[in-house]
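Step one of this worksheet: look at the structure below.
Here the structure is a predicted model, which means the values were calculated and not measured. Lettering of chains follows the sequences in order, A, B, ..., and the numbering in each one begins at 1.
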Amino acid sequence: MKVLLSGDEAVAAAAYDCGVELGTGYPGTPSTEILEEFDHLGGRAQWAPNEKVALEVGIGAAIAGGRTIVTMKHVGLNVAADPLFTAAYEDMNGALVVVTADDPGMSSSQDEQDNRRYAVAAALPMLEPSDSQEAYDFTRIAIEISERWNVPVLLRLTTRVCHSKTVVNPSGAPLPKTAKAYEKDIKTHVMLPGFARLAHKRLREKLAQIAQWNEESGPTRTVKGSSALGIITSGISFQHVLDAASEASVLKLGLTHPLPIETMRKFAAGVDRCIVVEEGDPYMVEQLRTAGVAVEDKASIFRFGEFNVDRVRRLIAGDTTPEAPPVPGKPPALCPGCPHRGIFETLRDQKCIVCGDIGCYSLGTLSPFDATDVACCMGASIGLGLGMRLTLPEEQAKRVVSVIGDSTFMHSGITGLVEMVYNPPPSGHVLLILDNGTTAMTGLQEHPGTGRTLDHSKTGKVVIEEVVRGVGVKNVHVIDVVANKEEFGELLKNGLEKPELTVIVARRECLLAVRSIREYERANETQCN
Amino acid sequence: MKHSVTNVVIGGLGGQGVIKASDILADLVFSAGLDVKKSEVHGMSQRGGSVSSDVRFGANVFSPMVPPGEADYLVVISSDQVPVNQAALAADGVLIDDSKIDVSKLSNKKSVNVALLGVLSKHLDFSVDAWMAAILRNLPEKLHEVNQKAFLLGRNG
Ligand SMILES: Cc1ncc(C[n+]2csc(CCOP(=O)(O)OP(=O)(O)O)c2C)c(N)n1
Ligand code: SF4
């Protein structure tokens with residue numbers, strides 16, 4: 001039966017229909033809804049503290065013979081890159097599908113990196129759906145490839161594929177399991193250099209076989225059109241091309257690494273003009289040119305931002321007139337009554353130099369707070385602050401404060417805290433941990449500090465102030481800044497004056513989350529009694 | 001091909017029900033057996049920023065995004081967001097904003113989104129029953145009555 005699904009929902013539905021036994025990941029727009037939907041459908045879904053841990057759990061499960069899906073946004077794959085590259089060498093016994101949700105145009109991200117580059121760098125197969133039907137079908141193909149060649153497979157979505165709803169006809173057919181029972185085999189599961197050298201060669205052989213399979217029976221589509229114009233494309237760009245150039249011949253790739261170069265060569269030879277329409281980096285263009293296939297590239301202005309039908313029309317026409325910036329809409333702001341507000345007002349009023357982090361509180365950068373000076377990636381606030389303290393003249397160094405959210409602290413703040421204790425700056429340091437009891441920015445997900453699992457049931461709770469004291473910080477304060485703003489101001493001032501380490505945990509629930517948090521707490525209490 | 005696809009853009013501020021309105025519309029046309037694609041960018045939880053959602057339907061829809069300047073209908077829930085979304089509308093397209101209804105007649109101000117769907121419904125070829133069914137499918141029961149009334153206010157106004 002046909003259904004209307006977002007790309008994220010379609011991936012979850014396929015994972016469920018294919019009998020995926022474990023879904024793990026870390027929230028990140030636009031990937032978050034995959035695991036939430038997988039959980040709704042009845043799958044086992046769990047949030048990890050970060051993407052690296054999620055992938056490691058996934059690798060363990062796949063080596064043990066399980067079918068596993070690991071989800072993250074594009075920058076999450078940077079965090080998970082270390083296990084990814086070596087897992088490529090190790091033999092997966094079951095299936096491991098790693099979903100990376102890229103964000104061309106950066107609707108809710110700090111960069112627009114093109115993770116097709118990871119497929120090349122880690123030598124892993126990558127599939128790129130262009131709508132929800134393909135998101136469903138390609139998830140299944142990813143599992144099949146992973147089990148057939150015992151490799152992890154990357155499934156690359158983009159914001160428009162994740163969040164657009166399109167019609168899906170789910171096959172619903174079961175996928176028989178092929179995994180053997182787990183057996184110890186250190187040559188394929190422990191990458192000591194001697195084993196890894198052989199494993200690297202095996203991986204390249206697998207890739208060559210997958211490339212051959214892609215030429216013969218990969219998920220490639222062709223649209224017959226005029227021989228005057230040929231377009232090579234993939235992912236969401238394909239859909240725009242169908243509207244923008246209905247007369248053209250189109251070769252649309254589904255498995256974009258390793259590419260079916262001979263199929264592409266033949267297509268290019270059969271048309272008068274062959275242009276590659278790809279959002280983001282000129283990845284396919286570079287691969288084709290390296291293989292000696294002459295194709296036209298897009299103009300450099302089209303490397304930036306998201307495509308739409310109009311931009312694709314202009315790309316094909318070679319129109320490089322400067323593009324008018326969109327009329328600016330009303331920017332998001334911290335909710336009225338958000339507990340982060342008083343904190344950033346105080347930081348502004350005390351003229352602190354603020355190393356911020358990623359979360360709702362990133363908005364402390366903008367007016368009326370104008371508080372944050374520097375930010376980079378998740379967890380960076382602590383390291384950035386320590387580096388600034390070590391380098392700035394004393395008068396400025398004394399004013400440096402690091403500010404991190406609770407979910408971000410669990411994600412990658414704890415190692416920064418260890419650095420703070422291990423290499424403390426002479427002027428000391430002040431760290432604020434904004435504990436609003438949720439991962440608000442991505443839509444209110446649980447994390448290890450909430451003591452509840454993805455489906456909000458009770459589990460072990462990592463208590464922030466105990467972690468902080470445990471690693472050796474002496475001055476630790478917990479305060480509700482909404483109720484005690486003045487006292488918070490005093491604590492901050494005292495902390496800045498002392499050449500010591502101070503950590504202030506500002507605890508007050510996110511306004512949007514508080515009602516559900518109370519409901520979960522009540523439900524969990526009655527369950528335990 | 002262009003004429004076989006109907007393009008609707010719904011705009012407003014976060015929390016005003018832009019996404020809900022586009023869910024109802026997409027569900028309506030899907031239930032009528034048409035091809036449909038619906039697309040928006042939603043990221044942050046915080047409330048109040050500009051939001052817009054595209055719905056395209058017809059026999060065969062490709063891109064999920066309404067091409068700039070090709071919206072047949074632009075539905076804007078708060079009129080201050082018209083300038084932000086104006087570029088979406090075709091030269092001969094129809095603008096539907098909250099000036100098209102008597103907002104004071106709404107028992108719940110949050111149902112402006114559904115009232116504007118009522119206005120939109122006058123331009124599209126779907127029965128009131130089909131609209132009502134889509135509204136009920138997409139809203140919790142306690143909001144059914146308010147929104148049915150809101151829809152009829154827009155439709156009959
Ligand atoms: C590596 C990485 N993973 C995921 C994200 C998506 N993301 C942005 S902020 C954030 C966490 C926000 O939670 P928290 O620190 O508790 O702050 P809050 O939004 O609740 O104020 C996440 C998961 C990201 N930007 N980078
Ligand atoms: S969602 Fe929560 S944390 Fe984010 S701005 Fe609103 S109240 Fe603050």
Measure distances from A:Ile236 to the heavy atoms of chain B and classify the residue's part below 4.5 Å as side chain, backbone, both or neither.
-> side chain
Has the side chain of A:Thr408 got a donor or acceptor atom that lies under 3.5 Å from a matching backbone atom of A:Ile358?
-> yes
Under a 4.5 Å heavy-atom cutoff, which of B:Ser22, B:Ala26, B:Pro64 has the most pairs with chain A?
-> B:Pro64
Okay, side chain of B:Lys37, backbone of B:Phe62: is any donor-acceptor separation there less than 3.5 Å?
-> yes
In short, A:Glu247 meets A:Leu229 closest at the heavy-atom pair OE2-CD2, 3.8 Å
Max heavy-atom pairs within cutoff under 4.5 Å with chain B, candidates A:Glu306, A:Arg311, A:Arg160, A:Lys2, goes to A:Arg160
Cut-off 4.5 Å, heavy atoms of chain A, and the answer for B:Asp23 is side chain
The interface call for A:Phe307 against chain B, heavy-atom contacts under 4.5 Å, is backbone
Specify whether A:His340 and A:Tyr361 have parallel, tilted or perpendicular ring planes, treating 30° as the upper limit for parallel and 60° as the lower limit for perpendicular.
-> perpendicular
Of the backbone (N, CA, C, O) and the side chain (C-beta and beyond), which part of A:Pro326 lies under 4.5 Å from a heavy atom of chain B, both, or neither?
-> neither
Residues in side chain to side chain contact (heavy atoms under 4.5 Å, CB included) with B:Leu124, at least two apart?
-> B:Thr6, B:Leu25, B:Phe57, B:Tyr73, B:Leu120, B:Phe126, B:Trp131
